[in-house]
Amino acid sequence: MIKHYFIAAMAAALSLGTASAWAQTAAPTSVSASTPIGAEQGQLIKRGEYLARAGDCVACHTATGGKPFAGGLGIATPIGTVYSSNITPDKTNGIGNYSEQEFDQALRHGIRKDGASLYPAMPYTSYAKVRPADVKALYAYFMNGVKADPAPNRPVDITWPLSMRWPLSIWRKVFAPAVAGDEIVGAGADAQIAQGRYLVEGLAHCGACHTPRGMAMQEKALSDDGAKFLSGGVIDGYLASNLRGDHRDGLGKWSEQEIVDFLKSGRNGHSAAFGGMAEVVSNSTQHFTDADLQAIAKYLKSLAAVNAGVAPLVYDDKVHKALRAGTDQSNGAMTFLNNCAACHRSSGHGYDQTFPSLALSTTVNAENPASLIRIALEGGEMPWTKTAPTQFAMPAFGGRLSDQDMADVLTFVRSSWGNNAPAVTPDMVAKVRKEVSKKTAAAGSAPAAKP
Ligand code: HEC
Ligand code: HEC
Ligand code: HEC
């Protein structure tokens with residue numbers, strides 16, 4: 001379905017490709033050249049390393065088993081697979097010959113050294129927010145702090161005519177925002193929230209996964225000017241949940257400190273990171289300074305709920321009592337007791353920092369059950385982090401439970417302990433199961449995960 005929309009949008013872009021669309025080329029922002037030396041240069045490279053982690057460049061630019069930043073990771077798009085580029089300072093296959101301005105053109109404008117437009121699989125629409133001073137530090141790091149590797153770049157696996165790059169320049173002109181300057185946040189504004197916004201909307205590109213996408217795969221909002229920003233998106237078959245103020249399926253009931261804990265350690269009293277978020281935590285957010293994490297948390301807490309009228313869920317121990325008394329003999333309840341209760345407990349509360357709570361959980365109560373079905377089928381493992389080096393794992397139940405049993409247990413979970421979300425049907429489970437098995441089969445040729 002999405003594929004058809006995308007092709008339609010590309011076709012529309014093709015037919016739109018007239019002089020007017022071509023006329024306005026993005027004006028290159030000049031980044032002043034300089035030759036810092038010694039300690040100052042060392043500081044700049046270190047700052048660049050921190051920023052590269054904040055931008056999680058390594059996630060996409062490293063193939064499974066490949067050298068850091070040497071590219072070659074396959075990224076699925078609706079029209080085929082795009083491979084990340086070698087961004088090590090190798091002069092032949094990497095970006096060793098890129099000037100700072102050419103690096104900036106790729107990073108923030110989506111334009112390659114040869115003038116071709118990049119696929120938006122490279123999140124340059126977010127990186128457009130990066131201040132020139134931070135671009136400079138990133139450049140210093142990639143030129144001096146990264147080991148050169150000669151791995152050649154892989155061409156895209158997209159068939160002609162969709163493989164033509166020029167429609168991408170139209171996409172870019174329509175959807176990419178203007179790039180940032182070095183403007184300093186005004187004294188009157190809340191500087192902490194401004195710093196959080198700068199990171200979330202910019203380098204950390206949280207919206208690339210957490211914002212829903214439109215017909216041409218563009219993010220429906222690139223900043224908190226739009227109510228769709230961070231309201232939940234689907235990535236790799238997982239729901240990257242709503243990060244706005246909603247109480248039921250968003251961060252409404254998380255405190256700032258709980259958001260900080262989750263991003264730093266990969267877990268908190270509500271939840272533990274899994275799917276793409278486990279990698280984001282281990283590569284990127286665990287390395288943020290406490291000040292930056294607090295800024296991010298404060299900013300996220302400033303985002304209004306999508307559905308402000310929805311009342312918060314309240315814990316109800318009716319089901320807990322029924323399970324303990326043995327009065328609920330439904331297939332959902334029995335399947336839960338036999339497979340899930342050992343860790344998540346009959347109270348649904350789990351164990352703090354160890355087995356996440358299913359009661360009032362955002363993953364469980366999200367309208368879209370994608371992540372819920374996915375983790376129940378495939379299991380998961382918490383990310384390893386410096387502050388929480390114990391990885392607890394959830395086993396995969398795909399091989400053990402039929403579509404019907406899975407639908408029953410998940411529907412049970414979605415309607416117990418005060419949870420309140422629509423039923424999961426066997427058809428929904430079958431659909432996710434099919435996607436998961438396709439993914440596993442393709443894993444050898446176009447890996448979807450990082451090292
Ligand atoms: C979500 C995945 C993703 C992330 C994160 C990402 N990139 Fe990319 N990047 C890509 C892909 C895919 C391409 C190649 C796109 C194409 O071929 O059109 C690319 C291309 C590039 C290029 C262009 C290289 C060339 O051939 O001219 C540069 C430079 C670059 N990325 C730098 C970065 C930096 C620096 C970061 C971190 C701040 C980063 N990227 C983070 C996916 C990503
Ligand atoms: C590569 C995609 C991706 C990126 C980038 C990403 N996330 Fe996530 N995130 C996910 C997915 C998928 C989930 C759902 C799985 C889970 O709950 O761990 C998630 C879950 C979360 C949760 C838990 C929500 C809940 O209700 O349990 C928080 C908080 C979060 N992300 C914050 C962030 C922030 C802040 C950023 C930017 C710094 C970010 N994410 C960037 C994919 C991503
Ligand atoms: C051996 C212990 C164990 C068992 C048994 C188990 N889980 Fe889990 N579960 C975990 C752990 C650990 C996590 C965190 C995994 C991660 O972060 O990757 C988790 C995470 C989850 C989550 C995501 C919660 C969130 O928002 O972070 C859901 C939903 C879930 N389990 C449902 C189930 C269901 C349904 C069953 C039974 C079919 C089950 N679990 C059985 C240990 C278990």
Side-chain angles (χ1 to χ4, degrees), residues 51-52 54-61 69 71 73 75 82-87 94-95 98 102-103 106-107 110-114 116-124 127 130 138-139 142 153 156 165 168 199-200 203-210 230 233-236 238-243 249-251 254 259 262-263 266-267 270-281 284-285 288 296-297 300 335-336 338-344 350 354-358 361-364 366 371-372 375-376 379-383 391-395 397 400-401 406 409-410 412-413:
L51 295 169
D56 205 359
C57 316
V58 78
C60 294
H61 283 281
F69 304 113
L73 181 74
I75 296 175
V82 177
Y83 295 90
S84 60
S85 327
N86 179 338
I87 54 169
I95 56 170
Y98 279 48
E102 286 161 345
F103 175 78
L107 185 71
I111 302 168
R112 235 167 34 183
K113 187 180 166 90
D114 68 0
S117 292
L118 294 172
Y119 282 90
M122 160 74 184
Y124 68 84
Y127 296 154
V130 179
L138 279 164
Y139 179 73
F142 279 99
N153 285 313
V156 296
R165 277 186 186 256
L168 293 172
L199 289 167
V200 167
L203 257 188
H205 66 283
C206 313
C209 297
H210 285 277
L230 302 182
V234 172
I235 179 92
D236 267 347
Y238 286 93
L239 174 71
S241 24
N242 180 350
L243 300 181
D249 63 350
L251 298 182
W254 291 32
I259 296 175
F262 181 87
L263 296 173
R267 63 204 73 174
H270 300 287
S271 181
F274 58 93
M277 194 62 204
E279 295 168 13
V280 170
V281 170
S284 180
T285 60
F288 277 118
I296 289 174
L300 291 177
T335 310
F336 180 80
N338 291 333
N339 296 282
C340 321
C343 299
H344 295 290
T354 309
F355 302 127
S357 175
L358 301 185
S361 146
T362 47
T363 307
V364 171
S371 286
L372 175 64
I375 193 168
E381 197 171 7
M382 292 180 191
Q391 280 181 292
F392 296 101
M394 152 124 170
F397 289 91
R400 192 137 32 122
L401 300 180
M406 190 60 91
V409 72
L410 297 182
F412 170 82
V413 165

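All ligand and atom numbering here is 1-based and tracks the order in the structure. Values below: every heavy atom of this structure, side chains too, minus hydrogens, waters and symmetry copies.
Heavy-atom distances between Leu138 and ligand 1 stay at or above 4.0 Å for every pair. The shortest heavy-atom distance from Leu243 to ligand 2 is under 4.0 Å. The closest approach between Ala376 and ligand 3 stays at or above 4.0 Å for every heavy atom of the residue. Ligand 3 is never approached by Ala342 to a heavy-atom distance shorter than 4.0 Å. At least one heavy atom of Val280 sits less than 4.0 Å from an atom of ligand 2.
Of all atoms in ligand 2, listed by their number and element, those nearer than 4.0 Å to a heavy atom of Trp254 are 23 (C), 25 (C), 26 (O), 27 (O), 29 (C). Of all the atoms in ligand 3, the ones that sit under 4.0 Å from a non-hydrogen atom of Leu372 are 29 (C). The distance from ligand 2 to the heavy atoms of Ala204 drops below 4.0 Å at these ligand atoms: 37 (C), 38 (C). The Tyr238 neighbourhood of ligand 2 comprises atoms 12 (C), with distances under 4.0 Å to a heavy atom of that residue. Proximity to Pro395 (heavy-atom distance under 4.0 Å) selects the following atoms of ligand 3: 1 (C), 3 (C), 4 (C). When each atom of ligand 3 is checked for a heavy atom of Phe392 under 4.0 Å away, the hits are 12 (C). Which parts of ligand 3 touch Gly380 is read off a 4.0 Å heavy-atom cut-off, strictly below it: atoms 18 (O). In the vicinity of Thr354, heavy-atom distances shorter than 4.0 Å reach the ligand 3 atoms 12 (C). Below 4.0 Å from some heavy atom of Arg112 lie the following atoms of ligand 1, by number and element: 25 (C), 26 (O), 27 (O). Every atom of ligand 3 is numbered from 1 in the order shown, and the set under 4.0 Å from a heavy atom of Ser361 is 26 (O). Near Ser271, meaning under 4.0 Å from one of its heavy atoms, ligand 2 places the atoms 27 (O). Of all atoms in ligand 3, numbered sequentially from 1 with element shown, those under 4.0 Å from a heavy atom of Thr363 are 25 (C), 26 (O). Residue Ser241 has at least one heavy-atom neighbour below 4.0 Å for each of these atoms of ligand 2: 20 (C), 24 (C), 25 (C), 26 (O). For ligand 2, the atoms sitting less than 4.0 Å from at least one non-hydrogen atom of Thr362 are 25 (C), 26 (O), 27 (O), numbered in the order shown with element in parentheses. Heavy-atom proximity to Ala272, at under 4.0 Å, picks out these atoms of ligand 2: 18 (O). Atom numbering of ligand 3 starts at 1 in the shown order; those under 4.0 Å from a heavy atom of Asn339 are 5 (C), 37 (C), 41 (C).
Nearest non-hydrogen protein atom to atom 41 (C) of ligand 1 is Tyr127 OH, 3.2 Å. Looking only at heavy atoms of the protein, atom 10 (C) of ligand 1 is closest to Met122 CB, 3.4 Å. Looking only at heavy atoms of the protein, atom 25 (C) of ligand 1 is closest to Tyr98 OH, 3.1 Å. Atom 11 (C) of ligand 3 has Met394 CB, 3.5 Å as its closest protein atom, hydrogens excluded (heavy atom only). Considering only non-hydrogen protein atoms, atom 29 (C) of ligand 1 sits nearest to Ala106 CB, 3.7 Å. What sits closest to atom 15 (C) of ligand 1 on the protein, heavy atoms only, is Leu118 CD2, 3.9 Å. From the protein, the heavy atom lying nearest to atom 17 (O) of ligand 1 is Arg165 NH2, 3.0 Å. Looking from atom 1 (C) of ligand 1 to the surrounding protein, the closest heavy atom is Cys60 SG, 2.6 Å. The protein non-hydrogen atom at the shortest distance from atom 14 (C) of ligand 1 is Ser85 OG, 3.4 Å.
At a heavy-atom distance under 4.0 Å, no atom of Glu279 approaches ligand 2. Contact annotation for Pro356 and ligand 3: only side-chain heavy atoms (C-beta onward) come within less than 4.0 Å of the ligand. For Leu239, every heavy-atom contact with ligand 2 shorter than 4.0 Å involves the backbone, none the side chain. Heavy atoms of Val409 found under 4.0 angstrom from ligand 3: none, in either backbone or side chain.
Under the ring pair (Phe, Tyr, Trp, His ring centres under 6.0 Å) test applied with Phe262, the options Phe288, Trp254, Phe274 reduce to a single match, Trp254.
Using a cut-off of 2.8 Å, one finds that Ser84 contributes no N/O/S atom close to atom 8 (Fe) of ligand 1. Contact annotation: Cys57 places no N, O or S atom under 2.8 Å from atom 8 (Fe) of ligand 1. Not one N/O/S atom of Cys209, from backbone or side chain, sits under 2.8 Å from atom 8 (Fe) of ligand 2.
Ring pair Phe336/Phe412 is tilted by interplanar angle, where 30° to 60° counts as tilted.
Of all the heavy atoms in Cys340 and Val409, the pair that sits closest is SG-CG2, 4.1 Å.
Checked against a 3.5 angstrom limit, the closest N/O atoms of Tyr119 and ligand 1 fall inside it. On a distance-only criterion, His61 and ligand 1 share at least one N/O pair closer than 3.5 Å.
Ring-centre distance between Phe142 and Tyr98: not below the 6.0 Å cut-off.
The option from His344, His270, Met277, Glu381 that lies nearest to atom 8 (Fe) of ligand 3, judged by heavy atoms, is His344. In the candidate list Phe336, Phe355, Phe262, Phe355 is nearest to atom 42 (C) of ligand 3, counting heavy atoms.
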